[in-house]
Amino acid sequence: MNRYRLILLLLLVFCFAIAAKLEPRQQAWMGTRRDNTLALLMGDSRRMFANHFYTKADVYFHGGYYPSIFDKPMEEEKGHLEHASKGTHVCDHDHDHESDPNHEHLHEEAKKKVNGSFLGSTPDWIDAFGRNFYPSKHIHLSARDEREMLPWLRMTAEMDPKKVEVYTVASYTLRKHLGKTDEAEAFLRQGLRNNPESYEILFELGRIKAEDRKDAQSARKLWEVALDKWDQQQAQSLEPDSFVRSQILGSLARLEEEQGNYQRAIACFEEILKMNPHRTSVLDRIQELRDLQREASK
Amino acid sequence: MNNVLALSSVVIKELCRRKDFYVLFVLTALITLMLGSVNFFNDDRIARFMKEACLLLIWISSLVIAITTTARQIPAERENRTIFPLLAKPVSRGELVGGKFLGCWVASGICLLVFYLFFIVVSGSREQVWQISNYLQAMWLHWVFLAVVISMVLMGSIIFAAPSSNSTICFVTVVGILLLGRHLNKVAVSLPEPSSTILSVVYFIIPHLEFYDLRDLIIHNLGLVPWGAWALATLYGAAYTAFFLLGTWLLFRQKSLA
């Protein structure tokens with residue numbers, strides 16, 4: 001009996017020794033992949049799930065009113081969440097429209113087209129009756145309820161860390177509607193680690209610094225870096241993302257104005273004017289700033 | 001009527017003895033509580049994500065319980081040869097079908113009640129909103145849905161040879177109707193003739209089980225279904241249940257048990 005116990009003990013010691021020997025090797029073999037088990041297990045199929053989860057966030061944003069693959073798509077509502085994050089989305093929440101005075105009108109037009117659009121008229125009694133049992137009216141989440149999109153956005157980021165809009169949308173919701181500035185900043189920084197070249201994330205980080213932290217110096221630096229990144233990536237592009245650039249410049253101009261740097265503010269507005277020469281509101285702002293500059297120099 | 005009640009009580013006792021419900025309930029509860037404990041941006045009032053997962057699990061579990069329980073009722077009686085003494089007593093074939101249906105439906109209702117109680121407690125404690133009328137409407141329509149499914153499976157158990165094939169075919173049919181039923185007319189429009197007409201006929205013939213799925217309304221807190229529509233959906237379900245039960249009885253009457 002003692003002999004068997006001894007064998008058992010020896011086996012245990014042997015196993016322990018082998019484990020101690022193999023463990024460092026296994027750690028070394030895992031390399032950088034040990035930080036991301038999902039990537040290891042799922043590979044590129046994660047992106048498919050990421051798209052699904054991002055769509056789910058949009059479904060939640062519309063309170064379940066969303067076209068299936070059999071319905072006509074809501075074309076005007078494409079990129080709805082991004083609009084929300086960029087502050088260009090018009091509905092029942094508060095956000096700025098300084099960057100595009102015609103925006104509200106455009107959105108209202110889009111809204112008219114969308115209301116009841118993908119469902120259309122009722123072709124038969126089954127369809128008409130069935131509409132009592134699923135969301136059949138176009139609504140948007142109220143500001144406080146936008147928290148319900150967050151799990152889907154978080155999971156999208158886990159599945160596809162390169163999907164930049166997820167970070168900006170989540171950050172906007174957290175910061176503007178839920179008052180969670182710290183969480184918004186942490187999530188954006190996570191996004192920036194995964195997408196170091198993203199001018200959108202840098203712009204959003206700058207907004208946190210300017211609007212929530214009241215740290216003009218950091219905001220200016222972030223927006224200047226964002227402009228540099230934009231120039232590196234978009235300047236030569238056939239269809240440059242000029243909307244984000246005008247947003248960055250507009251924010252930078254307002255910051256400089258607040259700081260009394262009128263010349264810099266004017267320079268930013270002139271940059272916006274180069275992209276869109278017909279914007280009379282920008283021309284007016286430049287004139288106002290020149291007047292202010294003149295008064296200050298007297 | 002006493003025979004029907006006696007037969008149904010046997011089915012209910014059978015469900016209590018089997019472990020299907022307990023396993024599915026524990027799984028549903030575990031997964032829901034696990035999802036509820038996940039921290040998203042330090043916000044403990046996020047609920048809809050968890051509600052969606054919980055309701056999906058409840059629907060899957062109830063469907064599995066209803067189909068598997070019903071599918072084996074008549075074949076098991078025939079296999080064990082207990083159907084002969086049962087019918088030798090003054091129990092008609094109609095009463096047997098009625099008793100089996102009632103037993104399976106009430107048993108599924110008891111399971112639903114437990115599932116929905118759990119759901120109400122979990123979602124209510126999370127959201128701090130108790131929309132009892134909405135939950136009751138959803139549970140009732142879910143139960144009516146199960147009545148249609150159970151009667152359909154009962155009819156399948158007379159037509160198909162084995163419970164496994166019956167379960168599989170019914171499961172595919174029900175899930176197919178839930179996912180595609182609402183859209184068949186849209187697909188039909190884009191098809192050439194005669195496929196278009198055939199699909200349109202199918203669209204009008206099939207029981208539209210998607211009427212009974214109020215999950216989206218519950219998840220997004222969209223208020224009550226108009227009571228008139230709720231009552232009509234109940235009638236619609238009752239009509240299909242009666243149709244399938246009558247069909248089962250007619251087929252069972254002609255079926256040789258030897």
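In what follows, chains carry the letters A, B, and so on, assigned in the order in which the sequence lines appear, proteins first and then strands, with residues in each chain numbered from 1.
When heavy atoms are compared at a cutoff of 4.5 Å, A:Y60 approaches chain B by way of both its backbone and its side chain. For B:A233, the parts lying near chain A are the backbone and the side chain together; criterion is any non-hydrogen pair under 4.5 Å. Only the backbone of B:D213 comes within contact range of chain A, judged by heavy atoms closer than 4.5 Å. The contact between B:N185 and chain A is made entirely by side chain atoms (from C-beta outward), counting heavy-atom distances below 4.5 Å. With a 4.5 Å cut-off on non-hydrogen atoms, A:K137 does not touch chain B at all. In this structure, chain B has no heavy atom under 4.5 Å from any part of A:D182. Contacts between B:V38 and chain A at a heavy-atom distance below 4.5 Å are absent for every atom of the residue. Only the side chain of A:I139 comes within contact range of chain B, judged by heavy atoms closer than 4.5 Å. Using a 4.5 Å cut-off between heavy atoms, B:L222 contacts chain A through its side chain alone, with no backbone atom that close. Looking at B:Y212, neither its backbone nor its side chain comes within 4.5 Å of chain A, counting heavy atoms on both sides. There is no contact between B:L35 and chain A, counting heavy-atom distances below 4.5 Å.
Each of A:A186, A:P151, A:A184, A:G64 has some count of heavy-atom pairs under 4.5 Å with chain B, and the biggest count is that of A:P151. Most heavy-atom pairs under 4.5 Å with chain A: of the set B:Q137, B:E52, B:M50, B:R45, this distinction falls to B:E52. Between chain A and the options B:F211, B:W230, B:F40, the largest number of non-hydrogen pairs under 4.5 Å is found for B:F211. The residue among B:N42, B:I46, B:D216 with the most heavy atom pairs within less than 4.5 Å of chain A is B:I46.
The number of heavy atoms from other shown groups lying within 6.0 Å of CZ (B:F160) is above 12. Taking a 6.0 Å sphere around CH2 of B:W140, one finds it holds 12 or fewer heavy atoms contributed by other residues, nucleotides or ligands.
Heavy-atom minimum distance, A:L174 versus B:F41: CD1-CD2, 3.6 Å. Of all heavy-atom pairs spanning A:N132 and B:V225, the tightest one is O-CG2, 3.6 Å. Contact detail for B:A229 and A:F129: the closest heavy-atom pair is O-CZ, 3.3 Å. Among all heavy-atom pairs drawn from B:R48 and A:E148, the shortest one is N-OE1, 2.9 Å. Listed here is the closest heavy atom pair of B:H183 and A:S68: CE1-OG, 3.2 Å.
You'll find the side chain of A:R154 stays beyond 4.5 Å of the side chain of B:F49, heavy atoms only.
Between B:Y203 atom OH and A:I126 atom CD1 the span is 4.5 Å, to the nearest 0.5 Å.
Figure legend: B:R182 and A:Y134 shown as a cation-pi pair, the cationic atom lying under 6.0 angstrom from the six-membered ring centre and within 45 degrees of its axis.
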